[in-house]
Amino acid sequence: MLEGNKNVSAILQTACIGITGALLFLLIHMPLPWLLGSLTAVVVWRKLSKQPLYWPIGFRHTAIIFLGSMLGTSFTAGTVKEMVLQFPFMASTTVITVLFCLVLAFYTVKHIKIDLASSIFGSVPGGMSQVVVMSEETMEVDTTTVVLMQTIRSVSVIFFVPFLTVHGIGGEVRPSTAPQVNAAESGTWVQYAVFAAIALFGAWGGKRIRLPAGFLTGSLIAVSVSVSLGLQAPHVPSYFILVAQIFLGIHIGRQFNPQMEGNVKKLGIYTIGNSLLLVLFSLGIAFLLSKWTPMDFTTAFLSAAPGGIAEMGVTASAVHADLSMVTGYQLFRIFFIMFAVLPLAQWWVRKRKKIAKSA
């Protein structure tokens with residue numbers, strides 16, 4: 001009983017810190033205040049207090065499933081058809097981005113004393129948890145270095161992209177031809193229950209068959225298929241989305257371990273610099289996409305940006321970009337990286353070691 005009370009108290013403390021940061025960011029008109037404010041507050045608290053914060057992993061899973069469901073409601077039969085037509089651009093954009101990341105990995109190795117394999121795994125713009133798991137399965141890779149690089153890259157991109165989108169290119173947003181959310185104005189409890197069951201089943205299935213970011217992609221795919229087949233999604237109250245962002249922001253903030261500071265001094269500047277270069281590179285790709293496809297520049301940028309599906313989806317929703325297109329591009333990239341790039345990198349690292357041993 002006493003242990004349970006301590007956990008509740010620790011959760012409330014963490015929640016208060018995250019909400020305070022979110023409200024502060026809202027007050028000073030920062031982009032994505034509920035996500036970035038809670039994230040920043042948690043990082044700063046851990047840095048100054050040197051104390052751990054308790055946040056159950058179930059809260060993260062809940063937020064991810066909810067955001068996956070929200071993204072899934074943006075898909076219709078029309079948007080799926082448009083995504084099929086966009087497939088050559090999705091594939092080429094992903095391949096070019098991955099190649100640029102490899103160039104940055106080689107550049108980092110030239111200036112910092114880390115091994116090439118760790119630099120490659122640390123530079124790949126995939127889901128951080130999946131990349132870390134793959135690195136742990138590869139003995140030749142230093143997982144600590146990968147965690148550090150992926151953490152810094154993820155946090156940097158989560159800040160750079162929304163800021164550029166809202167304060168830099170947001171003025172270019174045009175009303176999307178596709179609906180942002182294929183939802184009814186209001187819904188009955190039955191509708192909410194049906195879609196909750198669909199999302200939970202999709203999340204369970206995604207985790208069961210080991211999809212990349214299974215809870216997110218599983219719920220997203222399940223809901224998007226249901227909506228594409230004509231099932232009307234109920235309207236989602238905006239405060240649910242805000243709570244999900246706070247939950248996710250606190251979780252991401254807790255991933256930044258203050259004990260990594262010694263390594264941050266060695267890798268931090270290069271990783272942040274590489275992240276900024278990658279975002280600027282994405283801007284160049286977005287410019288070409290906006291010229292060659294019907295997408296507006298903001299939608300193209302969020303589609304090409306090396307962020308996570310949830311974070312870029314939330315940003316797209318905030319600036320009224322084409323949510324389904326952004327989600328489609330981001331989903332394709334994470335699947336391509338998880339099922340093609342990382343296994344290939346893992347094979348190359350092991351083969352390279354065998355060759356070195358036999359030489």
Side-chain angles (χ1 to χ4, degrees), residues 32 34-35 38-39 55-75 79-80 83 90 94 124-134 150-151 153-155 157-158 161-162 180-182 195-228 233 236 240-255 302-303 305-318 323-339 342:
L32 295 185
W34 307 103
L35 177 69
S38 55
L39 187 160
W55 197 244
I57 191 65
F59 286 6
R60 181 259 186 191
H61 294 337
T62 301
I64 285 294
I65 293 171
F66 180 83
L67 292 175
S69 303
M70 182 197 74
L71 298 174
T73 59
S74 67
F75 285 83
T79 55
V80 171
M83 285 173 56
M90 288 184 183
T94 299
V124 171
M128 182 171 68
S129 59
Q130 287 76 39
V131 174
V132 171
V133 169
M134 292 286 283
Q150 284 288 337
T151 300
R153 182 194 61 78
S154 298
V155 173
V157 169
I158 289 171
V161 173
Q180 291 305 301
V181 177
N182 184 31
F195 266 86
I198 291 172
L200 290 172
F201 177 77
W204 174 82
K207 197 69 176 176
R208 183 79 174 180
I209 64 177
R210 298 185 180 181
L211 287 177
F215 285 122
L216 178 70
T217 54
S219 58
L220 190 160
I221 292 171
V223 171
S224 63
V225 169
S226 301
V227 173
S228 298
V236 179
F240 280 176
I241 300 175
L242 300 184
V243 171
Q245 290 183 55
I246 292 174
F247 278 17
L248 187 60
I250 291 173
H251 171 77
I252 296 173
R254 287 187 67 250
Q255 303 308 300
L302 292 174
S303 299
I309 302 176
E311 292 83 1
M312 297 305 99
V314 168
T315 307
S317 179
L323 185 56
S324 60
M325 196 58 63
V326 171
T327 303
Y329 269 76
Q330 293 288 340
L331 190 62
F332 178 85
R333 179 165 64 240
I334 192 171
F335 272 77
F336 180 80
I337 288 174
M338 291 303 109
F339 292 120
L342 288 180

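Being a predicted model, the structure only gives us computed values, none of them experimental.
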Taken in chain and number order and not counting sequence neighbours, the residues that satisfy side-chain hydrogen bond (donor to acceptor under 3.5 Å, both in side chains) with Gln330 are Arg333
What pair of heavy atoms forms the shortest contact from Leu323 to Met70, and how long is it?
CD2-O, 4.4 Å
Is the Phe247-Trp55 ring centre distance short of 6.0 angstrom?
yes
Residues passing the ring pair (Phe, Tyr, Trp, His ring centres under 6.0 Å) test with Tyr329, sequence neighbours excluded, are none
Shortest non-hydrogen contact from Ser219 to Ala199?
CB-O, 3.5 Å
Those residues at least two apart in sequence (or on a different chain) that pass side-chain contact (heavy atoms from CB on, under 4.5 Å) with Leu200 are Ile65
Please give me the minimum heavy-atom distance between Thr315 and Pro162, naming the atom from each residue.
OG1-CG, 3.8 Å
Could you walk me through whether Phe59 and His251 pass the side-chain contact (heavy atoms from CB on, under 4.5 Å) test, one step at a time?
CA-CA 8 Å; Phe59 286 6; His251 171 77; over 6 Å; no
Take Ile250 and Leu39 through the side-chain contact (heavy atoms from CB on, under 4.5 Å) test and state the conclusion after the steps.
CA-CA 5 Å; Ile250 291 173; Leu39 187 160; over 6 Å; no
So, using side-chain contact (heavy atoms from CB on, under 4.5 Å) as the criterion, who are the partners of Val314 when residues are at least two apart?
Leu32, Leu67, Gln245
Tell me, with the steps shown, if Phe195 and Val227 meet side-chain contact (heavy atoms from CB on, under 4.5 Å).
CA-CA 10 Å; Phe195 266 86; Val227 173; 3.9 Å; yes
With Phe336 via ring pair (Phe, Tyr, Trp, His ring centres under 6.0 Å) - residues at least two apart
none
Evaluate the side-chain contact (heavy atoms from CB on, under 4.5 Å) criterion for residues Thr217 and Leu331: first the C-alpha distance (whole Å), next the side-chain angles of each, then the deciding distance (0.1 Å), finally the verdict.
CA-CA 8 Å; Thr217 54; Leu331 190 62; 3.5 Å; yes
If every non-hydrogen atom of Ser38 is compared with every non-hydrogen atom of Leu35, which pair is closest and at what distance?
OG-O, 3.0 Å
Who pairs with Phe240 by side-chain contact (heavy atoms from CB on, under 4.5 Å), at least two apart in sequence or on another chain?
Phe66, Val236, Pro237
Could you tell me which non-hydrogen atom of Ala316 sits nearest to which non-hydrogen atom of Val326, and how far apart they are?
CB-CG2, 4.0 Å
Who pairs with Ser226 by side-chain contact (heavy atoms from CB on, under 4.5 Å), at least two apart in sequence or on another chain?
Ile198, Leu231
Identify the heavy atoms of Gly202 and Ala222 that sit nearest to each other, and give their distance.
CA-CB, 3.7 Å
